[in-house]
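Chain A is the first sequence line, chain B the second, and so forth, proteins listed ahead of strands; every chain is numbered from 1.
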Number of protein chains: 2
Amino acid sequence: MGVEKYPEALEFILHWGEMGTHWGANRSVAQVHALLYLSDQPLDAEAICEALDLARSNVSTALKELQGYGIVRRTHIPGDRRDHFTAETELWDLFMAITAERKRREIDPTIAKLGELKDRMAANKDLPAHVRERIGRMHEFIANLTGWYEQVRGLKKSTLIALMKLGAKVARFIPGSKD
Amino acid sequence: MGVEKYPEALEFILHWGEMGTHWGANRSVAQVHALLYLSDQPLDAEAICEALDLARSNVSTALKELQGYGIVRRTHIPGDRRDHFTAETELWDLFMAITAERKRREIDPTIAKLGELKDRMAANKDLPAHVRERIGRMHEFIANLTGWYEQVRGLKKSTLIALMKLGAKVARFIPGSKD
DNA sequence: TAATCATTTCGATTTTTACAGAAATTACGA
DNA sequence: TCGTAATTTCTGTAAAAATCGAAATGATTA
């Protein structure tokens, strides 16, 4: 029996769908993800359609999107011609995959644009100084934040988890931080 | 003269507007924010309308939204009846305000929902174990991440900046991390 | 307190996005 | 290689969100 028949599971799927619309996905994509996340066996597209009452084409698009994020993968079931799909269940990996892809789609283009503007501003002499300064600072800020993210994301999972557990106590290692 | 007349400033505003639509705001909100961010003087609503070619009502709504995020404030100009508005220019504060508000709107309700489901699942004996387990782990994961965020966000700005500069080198303080 | 100016709220319109269903393509097996 | 099953792409429609303009509300000062 499909997990969507259990009220708590269904509510999870519906809530995930709603939140997904605020997190840069659409309802269908988030619902499909939630269903696969709760399922302990790979599901084929048709089963997803029936569970969520979505059109086949819609599910196809959603699956492609989720695979683009790297959080759903195709798995082959021997003796079955249809594709089956499984979601990432390791939440740390899920989180990392989503942040990486969102950065790529939403942050990188902005850094590139601001970099381009910075170059052009250098040549434009009658641009007010404060405009140059503010666009420049924004570029620097986002680039710094992103650079930090790239470094930290490269750390071992166990290190990251240890850092999380440390919480605000990391401040101890910053000389003179006192907070 | 309004900054929007300078091509680089205008491009910044337009790009910010487009990206805003991916970041949970609408185009108008993000454009108004960008304009105010680049302006070195407070602007009144009418000036914003003209600069961005937006309806007065639309600008009113956008300003309310930005004030809700705590990244735009009303400033009074002596001898002028109209409200004037200024954007946060300290980028660290801007970033902190946005993350705090998005957490409040988008994460907290999910934690609450998952907590509620967890309670109900405890009572529902015929729910498959793996469903209980996965919803429970999701709740725990998001709550942990959020708890970490709350702790770190409470640190002094100078401490946070020092931690950023440290980058991946924080790992040194985790015994046996070796990465 | 009346008149004017500023702001917000509301309803209508436009634009954008999501979604369904049909058509086309691809993969597979007989 | 032909036929069938599976998947994707395309096109139109429906739903949702953004935006406008008008009307209502609120504020200021003459």
Side-chain angles (χ1 to χ4, degrees), chain A residues 13-36 42-69 72-86 102 105-106, chain B residues 13-36 42-69 72-86 102 105-106:
Chain A
I13 291 167
L14 296 179
H15 180 86
W16 210 244
E18 290 314 310
M19 295 321 283
T21 65
H22 296 287
W23 295 339
N26 64 46
R27 187 177 287 102
S28 308
V29 168
Q31 284 186 359
V32 170
H33 173 255
L35 175 66
L36 289 173
L43 299 180
D44 65 83
E46 194 56 45
I48 297 172
C49 291
E50 282 164 23
L52 302 177
D53 195 30
L54 296 174
R56 182 65 187 75
S57 55
N58 195 9
V59 169
S60 177
T61 308
L63 288 167
K64 203 165 67 168
E65 175 76 356
L66 290 165
Q67 287 171 283
Y69 270 97
V72 160
R73 59 183 177 283
R74 288 180 14 183
T75 68
H76 220 67
I77 298 239
D80 195 329
R81 204 161 145 162
R82 294 166 296 181
D83 291 336
H84 287 67
F85 299 90
T86 318
R102 294 200 65 173
R105 295 186 189 187
E106 301 167 17
Chain B
I13 292 167
L14 296 179
H15 180 86
W16 210 243
E18 291 315 310
M19 295 321 284
T21 65
H22 297 286
W23 295 339
N26 64 47
R27 188 178 286 103
S28 308
V29 168
Q31 283 186 358
V32 170
H33 173 255
L35 176 65
L36 289 172
L43 299 179
D44 64 84
E46 193 57 44
I48 297 172
C49 292
E50 283 163 22
L52 302 177
D53 195 29
L54 297 174
R56 182 68 186 74
S57 55
N58 195 8
V59 169
S60 176
T61 308
L63 287 167
K64 204 165 65 170
E65 175 76 356
L66 290 166
Q67 287 170 283
Y69 270 97
V72 159
R73 59 183 178 284
R74 287 182 14 184
T75 67
H76 219 66
I77 297 240
D80 195 329
R81 290 173 63 157
R82 295 166 295 179
D83 292 337
H84 287 66
F85 300 90
T86 318
R102 294 200 65 171
R105 296 186 190 187
E106 301 167 18

Taking 4.0 Å as the cut-off, does a side-chain nitrogen or oxygen of B:Lys64 come that near to OP1 or OP2 on C:dT9? yes
Side chains of B:Phe85 and B:Arg73 in contact at under 4.5 Å (non-hydrogen atoms): no
Looking at CG of A:Asp83 and NE2 of A:His76, how far apart are the two atoms once the value is rounded to the nearest 0.5 Å? 7.0 Å
Test of understanding: with side chain to side chain contact (heavy atoms under 4.5 Å, CB included), list the residues that count as partners of A:Ala25, not counting sequence neighbours. A:Val29
Can you measure A:Arg82 atom CZ to D:dT4 atom C1' for me and round it to whole angstrom units? 14 Å
Are A:Ile48 and A:Leu63 close enough that some pair of their side-chain heavy atoms sits under 4.5 Å apart? yes
Take the protein atom NE2 of A:His22 and the nucleotide atom C1' of C:dT17, then report the distance between them rounded to whole Å. 15 Å
NA contact type, B:Asp44, heavy-atom cut-off 4.0 Å: base, sugar-phosphate, or nothing? nothing
Could you work out, with side chain to side chain contact (heavy atoms under 4.5 Å, CB included) as the rule, every residue matching B:Arg105, not counting sequence neighbours? B:Glu65, B:Tyr69, B:Glu101
Euclidean distance, atom CG of residue A:Leu66 to atom P of D:dT8 [Å, nearest integer]: 13 Å
Between C:dC5 (P) and B:Asp80 (CG): distance, integer Å: 13 Å
Between the protein and nucleotides 28-30 of chain D, which nitrogen or oxygen pairs come in under 3.5 angstrom?
none

Taking only residues two or more places apart in sequence or in another chain, which ones pass side chain to side chain contact (heavy atoms under 4.5 Å, CB included) with B:Asp80? B:Ile77, B:Arg82, B:His84
Sort me out a list of protein N/O and nucleotides 18-21 of chain D N/O pairs below 3.5 Å, or just none if empty.
residue : atom : partner : partner atom : Å
D:dT19  : OP1  : B:Ser28 : OG           : 3.4
D:dT19  : OP2  : B:Asn26 : OD1          : 3.1
D:dT19  : OP2  : B:Ser28 : N            : 3.4
D:dT19  : OP2  : B:Ser28 : OG           : 2.6
D:dT19  : O5'  : B:Ser28 : OG           : 3.3
D:dC20  : OP2  : B:Ala55 : N            : 2.8
D:dC20  : OP2  : B:Asn58 : ND2          : 2.8
D:dG21  : N7   : B:Ser57 : OG           : 3.2
D:dG21  : O6   : B:Ser57 : OG           : 2.9

Looking only at heavy atoms, the pair that brings A:Val59 and A:Ala45 closest together is CG1-O, 4.0 Å
Give the minimum heavy-atom separation between A:Cys49 and A:Arg56, together with the two atoms involved. SG-CA, 3.4 Å
Nearest whole angstrom, please: distance from the P of D:dT7 to the CD1 of A:Ile48. 10 Å
Side-chain polar contacts of residues 13-22 of chain B - donor-acceptor pairs under 3.5 angstrom, sequence neighbours left out - could you list them?
residue : atom : partner  : partner atom : Å
B:His15 : NE2  : A:Thr110 : OG1          : 3.0
B:Trp16 : NE1  : B:His33  : ND1          : 3.0
B:Glu18 : OE1  : B:Arg27  : NH2          : 3.4
B:Glu18 : OE2  : B:Arg27  : NE           : 2.9
B:Thr21 : OG1  : B:Glu18  : O            : 2.5

Separation of C:dA27 atom C1' from A:His84 atom NE2, nearest Å, is 16 Å
In whole Å, what is the span from the CD atom of B:Glu65 to the P atom of C:dT7? 19 Å
